[in-house]
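Along the sequence shown, residues carry numbers from 1. What you see is a predicted model; the values in this text were computed from it and never measured.
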Amino acid sequence: MSAQQAAARTAYAPRPLASPTPQPAAPSRIRLVASPATSRSRIPFILLCIAMLGAALVAVLLLNTTMAHGSYEQRGLQREISQLAQEEQALLAQIDAASSPHALAEHATRMGMVQDSTPAFVRLADGKVIGDVTPAQAKD
């Protein structure tokens with residue numbers, strides 16, 4: 001064997017394994033846990049529930065009071081509307097009575113007007129006066 005062959009054999013020869021180096025151990029999946037915290041008192045939760053219940057009751061009371069006040073106001077306005085409607089009916093009755101033909105004739109007589117026994121008319125198409133155009137005379 002030549003020197004080259006000997007070198008080649010040694011170059012390719014398996015090397016002896018070195019002693020294994022200690023590798024760091026993988027972290028274990030088991031962990032230390034803290035002991036459970038002491039349970040909280042239930043008093044704050046109970047107080048919160050009572051406060052919410054009290055607030056709801058106060059809100060309902062205020063709503064009920066407001067609705068009752070609105071109901072009284074509505075009743076008063078309805079009463080006022082009915083009184084005004086009655087007043088309107090009375091005024092309409094007075095207008096009807098005052099505008100009747102008999103009431104108009106009586107009022108005209110008090111003002112000094114007389115009834116014309118021979119009325120005259122104007123024809124609008126040509127403007128011609130038809131009838132007697134003399135002033136009416138009061139009957140004594």
Side-chain angles (χ1 to χ4, degrees):
M1 263 202 215
S2 70
Q4 283 182 339
Q5 287 178 347
R9 273 192 201 162
T10 58
Y12 293 110
R15 292 187 182 176
L17 293 174
S19 65
T21 58
Q23 294 188 358
S28 86
R29 299 179 78 185
I30 299 175
R31 291 180 285 193
L32 181 65
V33 260
S35 63
T38 58
S39 64
R40 292 185 176 180
S41 174
R42 292 184 183 182
I43 292 176
F45 177 72
I46 293 172
L47 290 177
L48 177 68
C49 289
I50 290 173
M52 288 176 62
L53 180 64
L57 289 175
V58 168
V60 168
L61 178 65
L62 289 175
L63 181 65
N64 192 13
T65 303
T66 304
M67 298 270 297
H69 176 64
S71 176
Y72 284 125
E73 189 174 325
Q74 180 184 10
R75 178 68 182 142
L77 291 174
Q78 285 177 343
R79 185 177 296 133
E80 186 178 345
I81 286 172
S82 66
Q83 288 173 349
L84 290 174
Q86 287 176 356
E87 227 176 278
E88 179 187 19
Q89 291 298 321
L91 291 173
L92 287 174
Q94 286 179 359
I95 289 172
D96 285 343
S99 64
S100 70
H102 177 69
L104 287 175
E106 190 177 303
H107 189 63
T109 305
R110 276 189 269 139
M111 290 176 56
M113 300 174 109
V114 292
Q115 187 174 1
D116 189 11
S117 59
T118 57
F121 300 98
V122 177
R123 188 173 22 193
L124 295 178
D126 57 0
K128 183 177 178 182
V129 178
I130 302 170
D132 188 17
V133 191
T134 59
Q137 298 295 324
K139 297 180 185 177
D140 290 326

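Val122 and Val133 fall within a single hydrophobic cluster, where Ile, Leu, Val, Met, Phe, Trp and Tyr side chains are chained together by heavy-atom contacts under 4.5 Å.
Every residue was checked against the salt bridge (Lys or Arg N to Asp or Glu O under 4.0 Å) condition with Arg31, not counting sequence neighbours, and none meets it. For Asp126, the salt bridge (Lys or Arg N to Asp or Glu O under 4.0 Å) test picks out Arg123, with sequence neighbours left out.
Taking every heavy atom of both residues into account, Ala103 and Ala97 meet most closely at CB-O, 3.3 Å. The nearest pair of heavy atoms linking Ala136 to Val114 is CB-CG2, 3.7 Å. Smallest separation of non-hydrogen atoms from Asp132 and Ala120: O-CB, 3.4 Å.
Atom CD in Glu106 sits 9.0 Å away from atom OG in Ser100 (nearest 0.5 Å). Here Glu87 contributes atom CD and Gln83 contributes atom CD; the two are 8.0 Å apart, rounded to the nearest 0.5 Å. Summarising the geometry, atom CG belonging to Leu104 is positioned 10.5 Å from atom OG1 belonging to Thr109; distances are rounded to the nearest 0.5 Å.
Shown here is Ile43, whose CD1 atom has no more than 12 heavy atoms of other residues, nucleotides or ligands within 6.0 Å. In Gln137, the CD atom is not crowded: 12 or fewer heavy atoms of neighbouring residues, nucleotides or ligands sit closer than 6.0 Å.
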Ignoring hydrogens and angles, write down the donor-acceptor pairs under 3.5 Å from the side chains of residues 52-73, residues two or more places apart or on other chains.
from, atom 1, to, atom 2, distance (Å)
Thr65, OG1, Leu61, O, 2.8
Thr66, OG1, Leu62, O, 2.8

